[in-house]
Amino acid sequence: MTVTSSASPLPGVPRLLVRLAAILVIAGLVAAPATGRGQPSAGVAPDNAGRVIVVGGDHYHPPYEFLDEDGRPAGYNVELTRAIAEVMGIEVRIELGPWSEMRRRLENGEIDVLEGMSYSEGRDASFDFAPPHAIVHQSIFARRGTPPVARLEDLAGKEVIVQRGDIMQDLLIEREVGAELFPTDTHADALRALAAGQHDYALVANLPALYLSREFGLTNLVPVARPFSLRYGYAVKEGNADVLAQFSEGLAILKNTGRHQAIYAKWLGPLEQGEGLPWKRLGLIGAIASALLLLILGGIVIWNRLLKREVASRTEELHQQQQQLIQADKMTSLGILVSGVAHEINNPSGLLLLNLPVLREAYDDARPILEAHYREHGDFSLGGLPYSRMRDEIPSMLDEMLEGTQRIKRIVGDLKDFARQGSAELGERLDLNEVVGTALRLVDNSIRKATDRFETRYAEDLPAIQGNGQRIEQVVINLVLNACQALEDRDQGIRLTTRYLPGDGTVTLEVRDEGRGIDAEAINRLTDPFFTTRRECGGTGLGLSVSAGIVREHQGRLAFASRPGDGTTATLTLPAAPIRDDDRHHLDAS
C-alpha cells in the first residue's frame with residue numbers, strides 16, 4: 001500500500017495530478033535497478049545537493065527510535081535513515097527529542113523530515129508522506145481486571161492516556177469520541193501511569209507498548225483491543241518535494257535489494273513473533289492447570305486434616321511430610337537463583353582464583369621492563385590503550401577480578417549450603433546478624449531489581465539464638481522477598497533492623513517496606529495455608545505459612561503490621577539462647 005502527498009507542491013497544479021506524478025515516479029524507481037551504494041541516483045533533485053538534511057524523531061519510542069545508553073540515536077527508524085543516506089549519497093543529521101516538540105519543529109521548518117509518522121487524512125493537510133516503511137498497530141491497554149473495550153467509541157466517558165501530539169490523540173479529537181484525554185510525553189510515561197492505577201486506559205502503539213512493558217516488568221497491563229493499523233513512514237512539511245523524493249527513492253532501493261527487510265527483521269521481527277502466540281489456547285491450558293492445581297491443593301488440605309486426627313503412631317509420618325514441604329518451599333523461594341547452579345561453577349572459579357594471583361605477579365615482574373621502555377621510547381600502546389594509563393589500571397583490574405571471583409565462590413557456597421536438606425535438629429547456636437547476612441546474599445539480585453533504597457541496621461553484641469540455621473534463613477528469605485514484591489516502584493525502600501530486648505530476653509528482626517500495604521481483613525490471614533494476595537502473579541500462599549511453622553518450632557513469634565498505601569512491617573522474635581560458661585567468662589574478661 002502506498003501513501004502519497006496530499007498537497008500539490010507547485011502552485012496552480014491540482015492535487016490529483018501531483019498524486020499521479022508521485023505514483024509514476026515511485027513505480028519507475030521500483031522497476032529500475034538499484035543504484036550503487038554510496039552513489040546518488042539520477043532521480044535526486046539537485047536543490048538539496050551538498051547540504052545536511054536534518055531528520056527528526058521521538059527520543060523514547062523503542063524499538064522504532066530512541067536514545068541509547070550513550071545518548072546516541074538508535075532503533076529501526078534510525079538505521080533505516082542511515083541506510084537511505086548511504087545509498088542516496090546524501091548527508092543527514094538525526095535529532096531525537098520529545099515527539100510533540102519534533103512535530104512542532106517540522107511544522108516550523110526547523111527540521112526537514114520526520115523519520116516515523118503515522119498517516120491520517122487530518123495530517124495529510126499539513127504534511128507530505130513517503131511510501132510507508134512499516135504498518136503500526138495501535139492498541140488499547142488496560143490493567144488486568146478492567147472491563148474490556150472493543151472500539152474507540154467504547155472509550156466515551158473514560159479517562160484515556162495518550163502521547164502528546166501522537167496520532168491517537170489526533171484521531172480521538174477528530175472523531176469526538178467523548179473520552180477525557182490525559183497526554184504524556186512518551187509511551188513509557190503513559191504505561192507507567194496506567195500500571196500505577198491512574199486513569200482507565202492507554203491508547204498507544206502496540207509494539208513499543210509490548211517492548212516497554214517487558215522492559216519495566218509491567219505485568220499488570222494487557223492489550224484489550226486493536227482498533228487501528230496505520231501506515232507509518234517519512235513525512236515532510238507540505239511542499240518539500242525534493243527531500244521527500246530522495247527518501248522515497250532511497251526506500252525503494254532498499255526494498256528492492258532486501259536491505260529494508262533485514263533492518264525490519266532485526267528490530268521488529270522478534271516482537272512481532274511474540275505477538276503471534278496463541279494466547280487463547282495458553283489461557284485455556286492455564287485455566288485447566290489452575291483447576292488441577294486447586295484440586296491437588298485441596299486434597300493436600302484434606303489430607304493434612306486427616307493426619308491430625310491419626311493416633312500417635314502416625315506422628316512420625318506427619319513430621320516427615322512437613323520436612324518435605326519445607327524443602328519444597330525452600331526450592332520454590334530460591335526459584336531462578338538456584339536453577340542452573342551446579343558444582344561445575346567451582347571449577348572455573350577455582351581456575352581464576354589460581355591464575356589471577358600468578359598474572360598479578362607476572363605483571364609486577366614485567367613492570368620494570370615496561371617502565372624502562374616507557375622512559376626510553378615514550379608512551380606506547382598496551383591492550384589498545386596508552387601504557388601511561390594502563391600501568392595503573394591493570395593492577396586494579398586484576399584485583400577487582402580476583403575479588404569478584406571470590407564473591408562468586410562465596411555465593412555458590414551459600415546456595416549449595418542452603419539448598420542442601422539438613423538435619424531437623426534445633427541445637428545450633430546462631431548469630432542472627434550472620435544468618436541475615438547469608439540470606440541477603442542469596443536474594444541480592446531480587447533486591448537490586450526491586451529497589452534503589454535498601455538499608456540494614458545490625459545491633460552490636462547480639463546474644464546467640466538456638467535453632468536450625470537453614471530454617472531461620474528460609475524465614476528471612478521469605479520476609480525479604482515478600483517486601484520486594486510489595487514495592488510499586490524503585491524509589492520505595494526496604495529496611496532491616498536487628499535488636500536485643502533484654503527485658504524479654506528476645507532477639508528480633510524487623511523487615512519494613514514502603515510498599516502497597518495490606519488490608520486489615522487480610523493481615524490476620526497471612527500465615528494461613530494457601531492464602532495469598534498475589535495469586536494472579538503466581539503466589540501460592542505457602543511461604544509465610546511454612547515460615548510461621550518454623551518460627552513456632554523455635555519458640556518464637558512472627559507478627560505483621562500494615563495499612564494500605566503505608567507499607568508493611570514484619571517482626572520476627574526469637575528467644576535468646578542461655579548463656580554458656582565460656583560466654584560468661586568472655587563477658588567477665590571484657
Side-chain angles (χ1 to χ4, degrees), residues 67-72 74 215-217 334-420 431 433-458 460 473 476-477 480-481 483-484 487 490-491 493-496 498:
L67 295 175
D68 63 16
E69 295 177 353
D70 299 323
R72 295 190 294 252
E215 184 77 12
F216 300 141
L334 283 174
I336 60 173
L337 292 173
V338 176
S339 177
V341 174
H343 69 277
E344 286 85 358
I345 292 180
N346 283 330
N347 294 334
S349 296
L351 188 62
L352 290 172
L353 289 172
L354 180 64
N355 290 342
L356 285 172
V358 176
L359 290 176
R360 178 63 189 270
E361 293 178 5
Y363 176 74
D364 290 340
D365 292 341
R367 186 164 183 172
I369 301 173
L370 296 173
E371 286 291 330
H373 183 81
Y374 174 67
R375 287 192 300 270
E376 182 176 351
H377 301 285
D379 209 352
F380 58 93
S381 177
L382 182 63
L385 294 173
Y387 170 72
S388 57
R389 175 180 174 185
M390 290 296 288
R391 63 181 178 182
D392 296 324
E393 293 288 340
I394 290 178
S396 62
M397 290 165 61
L398 292 172
D399 290 342
E400 290 172 358
M401 292 165 64
L402 183 60
E403 180 183 350
T405 306
Q406 291 170 341
R407 183 165 182 244
I408 291 172
K409 183 177 180 180
R410 287 196 303 270
I411 292 174
V412 171
D414 289 341
L415 288 173
K416 291 174 67 178
D417 290 342
F418 182 77
R420 185 182 299 115
D431 183 335
N433 287 343
E434 292 182 1
V435 173
V436 172
T438 301
L440 293 183
R441 287 198 297 271
L442 293 176
V443 296
D444 178 68
N445 189 51
S446 296
I447 294 171
R448 291 191 206 208
K449 289 182 178 180
T451 179
D452 294 324
R453 295 173 47 230
F454 185 82
E455 303 176 22
T456 55
R457 299 178 182 178
Y458 296 119
E460 298 181 357
E473 282 179 25
V476 176
I477 286 174
V480 173
L481 289 179
C484 291
L487 302 183
R490 299 184 61 84
D491 292 333
I494 299 175
R495 183 173 67 248
L496 269 65
T498 58

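This one's a predicted model, so the numbers in the text were calculated from it and none came from an experiment.
Taking both residues in full, the closest heavy atoms of Leu487 and Ala450 are given as CD1-O, 3.8 Å, listed atom of the first, atom of the second, then distance.
One finds the CD1 atom of Ile447 at 4.0 Å from the CZ atom of Phe454 (value rounded to the nearest 0.5 Å). For the atom pair CG of Leu442 and CD1 of Ile477, the computed distance is 4.5 Å after rounding to the nearest 0.5 Å. Within the model, atoms CZ of Arg490 and NZ of Lys449 stand 10.5 Å from one another, a figure rounded to the nearest 0.5 Å. Note that CD1 of Ile494 and SG of Cys484 are 4.0 Å apart. Values are rounded to the nearest 0.5 Å. To the nearest 0.5 Å, atoms CG (Leu382) and CD (Glu393) are separated by 11.5 Å. Here the straight-line distance linking atom CG of Leu356 with atom CE of Met401 works out to 5.0 Å at 0.5 Å rounding.
Qualifying salt bridge (charged side-chain N to carboxylate O under 4.0 Å, His left out) partners for Asp491, counting only residues two or more places apart in sequence or in other chains: none. For Pro357, the side chain to side chain contact (heavy atoms under 4.5 Å, CB included) partners two or more places apart in sequence, or in a different chain, are Leu402. By the side chain to side chain donor-acceptor pair (under 3.5 Å) test, Asp365 is found to be paired with no residue, residues two or more places apart in sequence or in another chain being considered. In this structure Thr451 satisfies the side chain to side chain donor-acceptor pair (under 3.5 Å) test with no other residue, sequence neighbours excluded. Contacts of Asp431 classified as side chain to side chain donor-acceptor pair (under 3.5 Å), with partners at least two apart in sequence or in another chain: none. For the salt bridge (charged side-chain N to carboxylate O under 4.0 Å, His left out) test, residues two or more places apart in sequence or in another chain that qualify with Arg360 are Asp364, Asp399. Every residue two or more places apart in sequence or in another chain that forms a side chain to side chain contact (heavy atoms under 4.5 Å, CB included) with Arg391 is listed here: Tyr363, Arg367, Glu371, Tyr374, Tyr387. Listed by chain and number, the residues in a salt bridge (charged side-chain N to carboxylate O under 4.0 Å, His left out) with Glu455 are Arg457 (sequence neighbours excluded). Residues that satisfy the side chain to side chain contact (heavy atoms under 4.5 Å, CB included) test with Leu385, not counting sequence neighbours, are Arg389, Met390.
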Give the C-alpha distance, both sets of side-chain angles, the deciding distance and a yes or no for side chain to side chain contact (heavy atoms under 4.5 Å, CB included) between Leu440 and Leu496.
CA-CA 10 Å; Leu440 293 183; Leu496 269 65; 3.8 Å; yes
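Residue pairs meeting the salt bridge (charged side-chain N to carboxylate O under 4.0 Å, His left out) criterion with at least one partner in residues 373-382, sequence neighbours excluded, do not occur; the list is empty.
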